[in-house]
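We count residues from 1, following the sequence as given. Indexing begins at 1, ligand by ligand and atom by atom, following the structure's order. It should be emphasised that the depicted structure is a prediction, and the values quoted were computed from it without experimental measurement.
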Amino acid sequence: MQKKTQIIATAGHVDHGKTSLVNSLTGIDTDTLAEEKRRGLTINLGYAYHHFLSQKNDKNYECTLGFVDVPGHIDFINNMLAGVGAVNFTLLVIAADDGIMPQTIEHLAIINLLGIDQGAVVITKIDRVNSARLNQVTQEITELIVNSSLNEAPLFPVSSITKEGIIDLLEHLKTQTLNNLKDKENISSRHFRYLIDRAFSVKGIGTVVTGSLQTGIADVNNQVIVSRTGESSRIKGIHVDGNSNSNAESGERAALNIDTKVENIKRGDWLLDQEIFHPVTRIDTTLTLINEKTLIKPSSKYHLYIGTSHHIVNIRFLDKKTNLAQIKSQKKIIAHHGDRFVLRDPGAQVTLGGGKILDIFVPRKKRASEQRIKTLFALEQEDKIALIKLLEISNTGIDLHEFAVNRNLKFEKVTALLTELEAYGIEFLSFQFDKKESRIILLENYFEAYKNLIVEKTMNFQEKNINLQGISETALSAEIGFPGSFVLFHSIVQHLIQVDILKLTGTLLHLPNHKISLSEEDKAFLTKVKPFLEKSGNVPPRTRELVELTGIPLSQLDKILRQTSRAGSLIKVADNRYYLPETIMHLAELTEQLMNTHAEEGGFSVIQFRDETGIGRNLCIEILEYFDRVGFTRRDGNTRILRTDKENIFG
Ligand SMILES: Nc1nc2c(ncn2[C@@H]2O[C@H](COP(=O)(O)OP(=O)(O)O)[C@@H](O)[C@H]2O)c(=O)[nH]1
Ligand SMILES: [Mg+2]
């Protein structure tokens, strides 16, 4: 039988009858703590379930109404935020006798900031008032909600003492559950994300967490990441309100037994798929203030509530005219596009505002440039529109891996979006990199503009430097002032080589028809020098040694060596050492083998390179530094890694 679940959080002022209402609806008392009993007041989140079978269009459904009962008292607003932070449906509870009170207003503001637009308003304690009072309070509530996300929510007058109105409310909630087409999209297109509200240890079973699946599916034996530590952990068992299950889906609450120490987990942490684990300290967001006059000071520390977690952050508006802001947190935050947050003041006394996460990949520079603001506006849109708008404005392309992680999209979903874009006739190029499945897409128009510029600059260079074979990739990139990443420029150049618009000789780029002919003198020189270089293999003679071997005077030899290397016939590795291109190619091949052997360690050292090639250490360093310069390798501390295939650099 198909399942349908609706998780509902209560909200409203203390003593207005939230806990009694959940009890009337489910028969369960959620105030279970001794202190809660003694004080007659909810402190921590309480959970209660109501199960029922239902039918729709001749189909049977196993349905669950899950209630998260939150505290109304101002002292426990943290817990209230954690409760509503995990749901998309709320019951705003207001007592008929008291009417609208401070936490009624504050909780409604929070619901509004969290963008919760599904829910009902429940007027409780109607047994205590006459009909005139009920009409009056109904009128006041209608006026209160009109400008909030609950403006379309129905009103239910009830009494938990006489049970008047309870059945009507329950029937309404049941219908809502059935109509709530469980977000199939959230299950098929998005990775597993699970928000933790409790963690404890059970004798003989181990660590158990309870919480809600925000997206995706949990299956027994899945490996998931524990956000606090980044460690991988196995799901050993799944309980959906009391019953052992083989899986749980987006929208459901579930208890998971996981293979991790309980000390590693707290309320507010996440379990998530490895693919989307990306903790950050800077996030770009929208920010709406409840009171427009509130001054947000970049130097103040604010309280940020997101999901079921709490962080101390700095926040600043990126642009005075917009509602775009940047959050900076000392501790890492787990968030994804579209997540809502609430901001409270430095003393954690008042709710100031809230907003929506736009981007967890914040650029290090130009954080509030015109281009960045445009990008953030594009990011406000839903997936497909955002992709189209980003393509239009991104002259440095869109990194699809980042796009997918930011939005918690499976890569298949991104690929499907690209197919849709193509069907619309939007033309773009897709450049693939070594990182698995990662790609940058670039609008055709931008590519064309770069192509024309590259051809023009290469031609100019050739005209000005008639005795040079071509221009290096780095020089060309600087020449056209390429605004994007090294990898993107490299990919564009590679693409132009493949379609015969550019040609690579040695490490120099030129137009295909461009050839420089060596002077007779240079040719004679090469014929004379080449045998010495060939004979000496991986360690060619230094310039001074060549003087002795060839009998050509140093100053003259130096000049000809430089000239022939500019023409691409020799490669200058150090000031006093020139290599034949084929020897460099051979060393590059050894380097690739070395990289393969040491892939697991993440790179190779100078010593390993020395042992592989049999070349002395000092010369090894010179060769590797040359490889770094031309973009074949990259140094990272004591190790080196390959940046690209040797063919891309050495032709
Ligand atoms: N007369 C009357 N009292 C109620 C009703 N609902 C709750 N109460 C009482 O109001 C007090 C606070 O209720 P509780 O559910 O704990 O409120 P909460 O703080 O919003 O969870 C308790 O003494 C309840 O018995 C109602 O519908 N009618
Ligand atoms: Mg309560």
Practice item. Begin with the C-alpha distance, continue with both residues' side-chain angles, and end with the deciding distance and a verdict on side chain to side chain donor-acceptor pair (under 3.5 Å) for Thr207 and Thr260. Key: CA-CA 6 Å; Thr207 301; Thr260 308; over 6 Å; no
Any N/O of [X] closer than 3.5 Å to an N/O of ligand 1?
X	answer
Asp69	no
Ser20	yes
Val158	no

Check your understanding: Backbone or side chain, does Thr10 get an N/O/S atom under 2.8 Å to the Mg ion (ligand 2)?
Key ->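 Of the N, O and S atoms in Thr10, none lies under 2.8 Å from the Mg ion (ligand 2), which means no.
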**Study point:** Residue Thr19, metal the Mg ion (ligand 2), N/O/S under 2.8 Å
**Key:** yes
Exercise for review: For ligand 1, note which part of Asp31 has a heavy atom under 4.0 Å away: side chain, backbone, both or neither.
Suggested key: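 The answer is neither.
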Check your understanding: When you look for heavy atoms under 4.0 Å from ligand 1, do you find them on the side chain of Arg128, its backbone, both, or neither?
Key -> side chain
Exercise for review: I would like to know whether Arg267 and Asn44 meet side chain to side chain donor-acceptor pair (under 3.5 Å); could you show each step before the answer?
Suggested key: CA-CA 12 Å; Arg267 167 179 291 171; Asn44 210 338; 2.8 Å; yes
Check your understanding: Should you measure from each heavy atom of Ser160, which atoms of ligand 1 turn up under 4.0 Å away?
Key -> 6 (N), 26 (C), 27 (O)
Review point. What atoms in ligand 1 come closer than 4.0 Å to a heavy atom of Asp127?
Key: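 Answer for ligand 1: 1 (N), 2 (C), 26 (C), 27 (O), 28 (N).
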Point to revise | Whether Ser159 lies under 4.0 Å from ligand 1, heavy atom | key: yes
Could you find the nearest protein heavy atom to [atom] and give me its residue, atom name and distance?
atom	value
atom 16 (O) of ligand 1	Thr19 CB, 4.1 Å
atom 17 (O) of ligand 1	Gly17 N, 3.0 Å
atom 3 (N) of ligand 1	Ile161 CG1, 3.7 Å
atom 12 (C) of ligand 1	Asp15 OD1, 3.3 Å

**Study point:** atom 6 (N) of ligand 1 within contact range, any protein heavy atom under 4.0 Å
**Key:** yes
Sidechain N-carboxylate O distance under 4.0 Å for [X], [Y]:
X	Y	result
Arg39	Asp31	no
Arg253	Asp197	yes
Asp269	Arg228	yes

**Study point:** side-chain contact (heavy atoms from CB on, under 4.5 Å) assessment of Leu379 paired with Lys389
**Key:** CA-CA 8 Å; Leu379 282 168; Lys389 292 206 178 249; over 6 Å; no
Review point. Hey, looking at atom 10 (O) of ligand 1, which of Lys163, Lys125, His16 has the closest heavy atom?
Key: Lys125
Exercise for review: Evaluate the side chain to side chain donor-acceptor pair (under 3.5 Å) criterion for residues Arg193 and Thr215: first the C-alpha distance (whole Å), next the side-chain angles of each, then the deciding distance (0.1 Å), finally the verdict.
Suggested key: CA-CA 5 Å; Arg193 260 185 111 202; Thr215 52; 5.2 Å; no
**Study point:** Arg190 (side chain) donor-acceptor with Arg407 (main chain) under 3.5 angstrom
**Key:**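 Yes: the side chain of Arg190 pairs with the backbone of Arg407.
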Check your understanding: Do any N or O atoms from the side chain of His16 and from the backbone of Ala95 form a donor-acceptor pair under 3.5 angstrom?
Key ->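 Yes; judged by distance alone, with no hydrogens or angles, the pair exists.
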Review point. In a check of side-chain contact (heavy atoms from CB on, under 4.5 Å) between Leu92 and each of Val122, Leu150, Ile141, Thr10, which one passes?
Key: Leu150
